[in-house]
Amino acid sequence: MKTNEFDCVVIGGGHAGVEAAHAASIIGAKTCLLTINKDTIAKMSCNPAIGGLAKGQIAREVDAMGGLMGLAIDATGIQFRLLNRSKGPAVQAPRAQADKYKYKDYIRTQLEQTANLTIVEATATQIITEKNNVRAVRCSDGRIYNAPTVILTTGTFLRGLMHIGTEQLAGGRLGEPAAKELSESLRQLGLELGRLKTGTPARLDAATVDLARLEVQQGDENPIPFSFMNEIITRPQIPCWITYTNEKIHKLIRDNLHRAPLYSGQITSTGPRYCPSIETKVVRFADKKRHQVFLEPEDEEQSTIYCNGISTSLPKDVQGQIFKLLPGTENARIVHYGYAIEYDYCPPIQLKPNLETRKVSGLFLAGQINGTSGYEEAAGQGILAGINAAGKLQGKEPLILGRDQAYIGVMIDDLLTKGLDEPYRMFTSRAEYRLVLRADNADRRLTQIGKSAGLVDEKRWAKFQDKLENINKLKSYLKNNRSEGISFWDQLRRPHNTLMEKMAESPDIKNMNLTEDVFQAVAIDAKYEGYLAKQRRLVAGFIALESKKIPADLDYDSIAHLRAEAKEKLSVFRPSTFGQASRISGITPADITVIQIHLKKNNDRVV
């Protein structure tokens with residue numbers, strides 16, 4: 001076979017690209033990962049952290065299916081925290097600061113050791129197709145890489161344009177060139193493109209920051225790993241620090257809003273509401289006298305600091321004055337300034353649920369090109385795209401995760417049914433079945449699925465099977481043993497119960513040699529048994545509607561009695577199931593009934 005012949009080409013080496021390339025190659029596809037620079041594979045362009053609310057659940061889901069993200073952060077994390085400890089397990093989530101240099105090195109090493117995977121430095125300029133089927137990728141140097149499947153994970157590189165005050169720089173991120181020609185290639189294939197914006201704060205020389213004056217934020221004493229393959233974290237923990245903006249800073253920003261690209265008209269695309277720049281915060285929350293800023297080390301040596309909470313595209317001189325007024329940073333040296341970046345994306349309603357484009361067979365999209373934000377959202381899409389691209393080559397049914405199975409499923413369904421007017425970010429509030437979709441049970445939800453896809457190896461599978469066996473063993477013991485006439489299981493269901501802590505010290509339990517995650521799983525299952533049973537009944541109703549497929553070629557305009565708005569929206573979104581159709585904004589239960597009646601009259605095509 002020629003060296004330029006592949007089964008799958010992945011364009012982009014960010015967090016979506018690495019998971020896609022890894023998954024496709026492990027499953028058996030001969031894969032080529034095209035990246036502009038090997039040294040920036042899995043680079044943390046913005047926040048040097050993995051996880052957070054809802055995002056931590058996604059990271060654990062990626063790990064449960066056999067992905068790289070969880071293993072990478074466990075190996076390179078410098079501070080681990082479980083968020084929302086005081087709340088229920090459904091909204092608890094792991095988060096970890098990373099040594100961003102070691103993180104990308106870890107990922108690159110794993111990819112270089114992966115069979116069937118070739119990493120090539122090149123800039124993709126054209127997707128070559130034949131009769132709406134992917135055939136190859138052309139690069140700027142003229143090289144052509146042939147493959148029947150291509151996964152686009154271009155991040156912010158498609159016609160990327162950075163803004164620092166009136167200064168504009170073409171690039172995918174600081175110091176790296178933009179991908180200019182690929183956008184036009186996608187347009188020629190019939191794909192619609194839009195424009196989004198994101199931003200990042202300044203980085204400081206840690207040695208020049210007066211950290212001793214600031215509030216310290218420590219990590220957890222007993223860190224919880226991200227990967228289900230790890231039981232403990234032994235890496236040293238490094239603190240973060242907290243400081244606050246003040247009214248002098250706010251006045252400075254207000255006085256210079258006319259120089260801010262977001263307010264001068266220089267930037268016209270939409271940025272994320274949930275992660276606003278400091279100038280947006282000052283305008284939107286004019287009554288607030290201060291805003292919290294987290295100073296987070298970017299590496300184990302604490303050489304640079306990421307200023308979380310003060311993202312900006314204000315001119316350099318204004319940024320310099322801000323830090324002179326910010327407590328603890330008055331004498332800090334700015335390593336590089338904050339900036340905003342505009343980039344092209346493809347509105348995701350052009351995708352099938354397997355992340356393949358409707359217009360071009362074999363072309364998959366994952367990550368920020370679909371309008372999402374965040375490393376975790378990208379990784380979740382990447383692993384699904386990799387699985388489905390490899391599966392397509394093997395003639396397998398697409399892997400489509402339901403809203404009841406994973407946050408990844410919620411995210412992809414949202415992208416396909418809700419459309420975008422800003423970069424998409426996952427929140428726990430988006431998941432109606434979040435009591436089922438917990439961080440602690442991602443393996444019980446998804447490892448079997450990863451195994452069926454061919455991504456979970458024997459070592460992970462054996463560890464998972466051992467965990468299930470121990471969970472069942474402990475549950476059986478608790479249900480079959482009593483104290484004062486009440487089973488230990490029923491006692492454990494009572495609120496504010498400390499039975500599990502006491503039981504852990506009993507000889508019978510000690511002899512089982514159980515790990516902490518087994519105790520946690522059983523305690524949660526017992527405490528939430530009634531709530532989980534109720535949610536499972538809701539899920540059953542959801543699955544019933546979700547199992548009813550809508551023909552891909554259905555002509556909505558031909559359906560009598562269907563409202564004009566419904567015809568228009570359904571023709572654009574093209575839902576694959578009645579469940580998806582019901583979640584499209586503006587579609588009513590009456591519309592669903594009209595479609596069902598129409599299909600029944602026409603040879604009962606509802607599957």
Side-chain angles (χ1 to χ4, degrees), residues 43-52 73 76-81 83 95-104 162 164-165 173-175 198-220 223 235-253 256 260 275-282 288-340:
K43 181 178 180 179
M44 290 181 153
S45 309
C46 196
N47 196 348
I50 296 294
I73 189 60
T76 63
I78 56 178
Q79 186 192 101
F80 291 77
R81 295 178 66 222
L83 306 183
R95 183 183 187 273
Q97 292 294 125
D99 181 317
K100 70 177 189 178
Y101 306 107
K102 291 179 179 175
Y103 183 93
K104 68 182 182 67
M162 293 174 286
I164 308 175
R173 58 189 167 207
L174 201 64
T198 188
T200 191
R203 305 323 192 259
L204 304 179
D205 179 348
T208 64
V209 179
D210 188 359
L211 299 172
R213 293 172 48 202
L214 303 178
E215 179 183 339
V216 178
Q217 183 189 55
Q218 300 286 359
D220 291 343
R235 290 181 52 76
Q237 302 286 287
I238 293 172
C240 296
W241 296 268
I242 299 172
T243 185
Y244 297 89
T245 63
N246 51 54
E247 291 184 322
K248 287 184 179 179
I249 291 175
H250 298 181
K251 183 179 184 305
L252 172 69
I253 291 170
N256 285 277
C275 188
S277 65
I278 186 60
E279 50 266 42
T280 301
K281 288 180 185 178
V282 168
K288 290 200 71 171
K289 295 184 177 180
R290 66 178 193 171
H291 294 283
Q292 196 172 50
V293 180
F294 293 91
L295 301 182
E296 301 170 340
E298 292 196 300
D299 57 344
E300 199 166 352
E301 287 70 33
Q302 302 180 57
S303 58
T304 58
I305 283 181
Y306 176 91
C307 303
N308 192 345
I310 199 164
S311 173
T312 185
S313 57
L314 283 161
K316 291 178 180 178
D317 63 298
V318 179
Q319 291 190 44
Q321 292 176 65
I322 287 173
F323 287 107
K324 289 189 181 301
L325 295 170
L326 186 69
T329 70
E330 293 92 340
N331 299 308
R333 183 178 71 85
I334 298 175
V335 175
H336 75 70
Y337 291 89
Y339 62 88

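These numbers come from a predicted model, not from an experiment. Along the sequence shown, the residues carry numbers beginning at 1. Side-chain atoms are counted along with the backbone in the values below, which use heavy atoms only and exclude waters and symmetry mates.
Counting only heavy atoms from C-beta outward, the side chains of Pro315 and Ile164 never approach each other to under 4.5 Å. For the pair Ile334 and Leu204, the minimum side-chain heavy-atom distance is below 4.5 Å. Looking at heavy atoms from C-beta onward, Asn246 lies in side-chain contact with Pro327 at the 4.5 angstrom threshold. Within the 4.5 Å cutoff, no side-chain heavy atoms of Arg235 are placed close to those of Pro223. When side chains are defined from C-beta on, Asp220 does not count as touching Gln237, because their heavy atoms never get closer than 4.5 Å. By the 4.5 Å heavy-atom criterion applied to side chains, Thr245 and Ile253 are not counted as neighbours. In this structure, the side chains of Gln97 and Pro48 come closer than 4.5 Å at one or more pairs of heavy atoms. In this structure the side chain of Pro297 reaches within 4.5 angstrom of the side chain of Trp241, judged on heavy atoms.
With sequence neighbours left out, the side-chain hydrogen bond (donor to acceptor under 3.5 Å, both in side chains) criterion links Arg333 to Asp205. Residues satisfying the salt bridge (charged side-chain N to carboxylate O under 4.0 Å, His left out) criterion with Lys324, sequence neighbours excluded, are absent altogether. Every residue two or more places apart in sequence or in another chain that forms a side chain to side chain contact (heavy atoms under 4.5 Å, CB included) with Leu174 is listed here: Met162, His336, Tyr339. Every residue meeting the side chain to side chain contact (heavy atoms under 4.5 Å, CB included) condition with Ser45, not counting sequence neighbours, appears here in chain and number order: Arg173. Listed by chain and number, the residues in a side chain to side chain contact (heavy atoms under 4.5 Å, CB included) with Cys46 are Thr200, Pro201, Tyr306, Tyr375 (sequence neighbours excluded). Taking Thr76 as the reference, nothing meets the side-chain hydrogen bond (donor to acceptor under 3.5 Å, both in side chains) condition, with sequence neighbours excluded. Partners of Lys281 by salt bridge (charged side-chain N to carboxylate O under 4.0 Å, His left out), not counting sequence neighbours: none found. For Gln218, there are no side-chain hydrogen bond (donor to acceptor under 3.5 Å, both in side chains) partners at least two apart in sequence or on another chain. For Glu296, the salt bridge (charged side-chain N to carboxylate O under 4.0 Å, His left out) criterion is met by Arg95, not counting sequence neighbours. Residues passing the side-chain hydrogen bond (donor to acceptor under 3.5 Å, both in side chains) test with Thr208: none are found, sequence neighbours excluded.
Using modelled atom types, one side-chain atom of Thr329 and one backbone atom of Phe323 make a donor-acceptor pair closer than 3.5 Å. Not one N or O on the side chain of Gln217 forms a donor-acceptor pair closer than 3.5 Å with the backbone of Leu295.
To the nearest 0.5 Å, atom OH of residue Tyr101 and atom CD of residue Glu298 are 5.5 Å apart. Here Ser303 contributes atom OG and Asp99 contributes atom CG; the two are 8.0 Å apart, rounded to the nearest 0.5 Å. From Ile305, atom CD1 reaches atom SG of Cys240 across 9.0 Å, with rounding to the nearest 0.5 Å. Between the SG atom in Cys307 and the CG atom in Leu326 there is a gap of 7.5 Å [rounded to 0.5 Å]. Separating the CG atom in Leu252 from the CD1 atom in Ile322 is a distance of 5.5 Å, to the nearest 0.5 Å. To the nearest 0.5 Å, the span separating CD on Gln302 from CD1 on Ile78 amounts to 7.0 Å.
Each salt bridge (Lys or Arg N to Asp or Glu O under 4.0 Å) pair with one or both residues in residues 306-320, not counting sequence neighbours, appears once here: Glu167-Lys316, Arg259-Asp317. Evaluation of the salt bridge (Lys or Arg N to Asp or Glu O under 4.0 Å) test over residues 242-252, restricted to residues two or more places apart or in two chains, returns Lys251-Asp255.
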Does the side-chain contact (heavy atoms from CB on, under 4.5 Å) test come out yes or no for Ile238 and Glu300, once each step is laid out?
-> CA-CA 8 Å; Ile238 293 172; Glu300 199 166 352; 4.1 Å; yes
Residue pair Ile249, Arg290: steps toward the side-chain contact (heavy atoms from CB on, under 4.5 Å) verdict = CA-CA 9 Å; Ile249 291 175; Arg290 66 178 193 171; over 6 Å; no
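Of all heavy-atom pairs between Ala98 and Ile73, the closest is CB-CD1, 3.5 Å. The two residues Thr312 and Ser277 have their closest heavy-atom pair at CA-CB, 4.3 Å. The shortest heavy-atom contact between Gln319 and Ala202 is OE1-CB, 4.0 Å. In this structure, Phe294 and Gln292 approach most closely via the heavy-atom pair CZ-OE1, 3.2 Å. Between Ala260 and Leu314 the shortest heavy-atom distance is CB-CD2, 3.6 Å.
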